[in-house]
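Down below is the structure, laid out as structure tokens.
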Amino acid sequence: MSADQKTLDDNSKRRGGRLRREADAAAEAVDNYEANADLETEGDDEEVDSGKGITERKGRATPGRRALAVEETKSEGNAVTRPLMGIRDYFEGVRSEMQKVVWPTREETRRLTFIVLGVTISAALALGVITLVFNELFTLGLRSPLVFGILFVVILGAYVYYLRSNNRRTPTY
């Protein structure tokens with residue numbers, strides 16, 4: 001093994017080795033195919049065995065599997081049965097996907113249910129307390145406008161404090 005090849009192998013191990021090896025194998029297959037095509041056009045009757053499984057050219061484009069599947073489904077049935085077959089295919093797909101689902105055990109279901117109920121109840125209580133506090137502040141503010149003024153000054157002071165403390169924390173690069 002030459003030093004260049006050893007370096008190339010080390011680099012391929014470091015940087016996505018599998019993808020690089022696949023790309024190198026594909027490039028080598030293309031090179032072998034071109035070499036075989038050149039030999040065939042020269043008129044040599046000798047067989048060149050590259051071991052890569054390359055076949056002769058067909059002289060025409062080969063349709064892909066998806067295109068063949070689309071052609072087959074379009075030709076099946078008539079105007080009445082085609083929509084029904086589509087619905088049937090949909091439910092078959094749903095059934096196959098539902099068979100792939102890993103359902104939770106009874107203990108997991110019970111534990112997750114308690115977690116959801118606990119979070120829901122605690123959020124409802126927190127929102128209820130916040131609503132009660134703001135409702136009381138609003139009713140006090142309607143009775144005495146001085147409460148709205150004091151609340152406005154407190155909120156403004158908290159905002160200024162936040163801005164000043166936030167400016168101190170940011171680095172000065």
Side-chain angles (χ1 to χ4, degrees), residues 4-30 61-173:
D4 293 334
Q5 196 171 14
K6 201 177 234 184
T7 305
L8 182 64
D9 288 341
D10 291 346
N11 287 342
S12 68
K13 286 179 185 174
R14 276 188 241 131
R15 292 188 221 145
R18 183 180 61 111
L19 295 175
R20 184 177 294 267
R21 284 188 297 252
E22 289 175 0
D24 291 342
E28 185 179 336
V30 168
T62 306
R65 292 181 182 162
R66 289 184 182 167
L68 289 175
V70 170
E71 288 175 9
E72 289 175 7
T73 56
K74 285 182 180 176
S75 63
E76 291 178 3
N78 57 26
V80 175
T81 59
R82 264 186 252 141
L84 296 177
M85 292 172 68
I87 293 170
R88 185 195 69 197
D89 290 342
Y90 170 77
F91 282 113
E92 285 178 1
V94 168
R95 183 183 311 128
S96 69
E97 290 298 321
M98 290 300 288
Q99 290 172 350
K100 295 176 188 177
V101 172
V102 178
W103 297 103
T105 63
R106 180 178 290 272
E107 292 81 24
E108 289 174 339
T109 305
R110 178 175 287 153
R111 181 178 55 86
L112 293 174
T113 302
F114 285 135
I115 290 172
V116 168
L117 288 175
V119 169
T120 303
I121 290 170
S122 62
L125 289 174
L127 289 175
V129 167
I130 291 170
T131 303
L132 181 67
V133 167
F134 279 108
N135 191 22
E136 289 300 317
L137 281 175
F138 192 73
T139 55
L140 284 174
L142 287 178
R143 288 186 198 147
S144 164
L146 184 64
V147 174
F148 277 142
I150 293 172
L151 189 60
F152 177 73
V153 169
V154 168
I155 290 173
L156 186 64
Y159 181 67
V160 168
Y161 175 76
Y162 169 75
L163 288 178
R164 295 195 74 192
S165 65
N166 199 18
N167 286 338
R168 290 182 193 152
R169 291 185 202 150
T170 57
T172 56
Y173 316 43

- Nearest 0.5 Å please: distance from the CG atom of Leu137 over to the CG atom of Leu132. 10.0 Å

Which pairs of donor and acceptor atoms, one on a side chain in residues 109-127, lie under 3.5 Å apart (sequence neighbours left out)?
from   : atom 1 : to     : atom 2 : distance (Å)
Thr109 : OG1    : Thr105 : O      : 2.8
Thr113 : OG1    : Thr109 : O      : 2.6
Thr120 : OG1    : Val116 : O      : 2.7
Ser122 : OG     : Gly118 : O      : 3.0
Ser122 : OG     : Val119 : O      : 3.0

- Query: Rounded to the nearest 0.5 Å, how far does NZ of Lys100 lie from CZ of Arg95?
  - Reply: 13.5 Å

- Phe138, CZ: over 12 other non-hydrogen atoms inside 6.0 angstrom: no

- Take Trp103 and Met98 through the test side chain to side chain contact (heavy atoms under 4.5 Å, CB included) and record every step on the way to the result. CA-CA 10 Å; Trp103 297 103; Met98 290 300 288; 3.5 Å; yes

- Taking every non-hydrogen atom, the tightest pair across Leu140 and Val147: O-CG2, 4.0 Å

- Message: Can you confirm whether Ile130 sits close enough to Phe134 that some side-chain heavy atom of one is under 4.5 Å from a side-chain heavy atom of the other?
- Response: yes

- Can any side-chain N or O of Ser144 pair as donor or acceptor with the backbone N or O of Gly141 at less than 3.5 Å? no

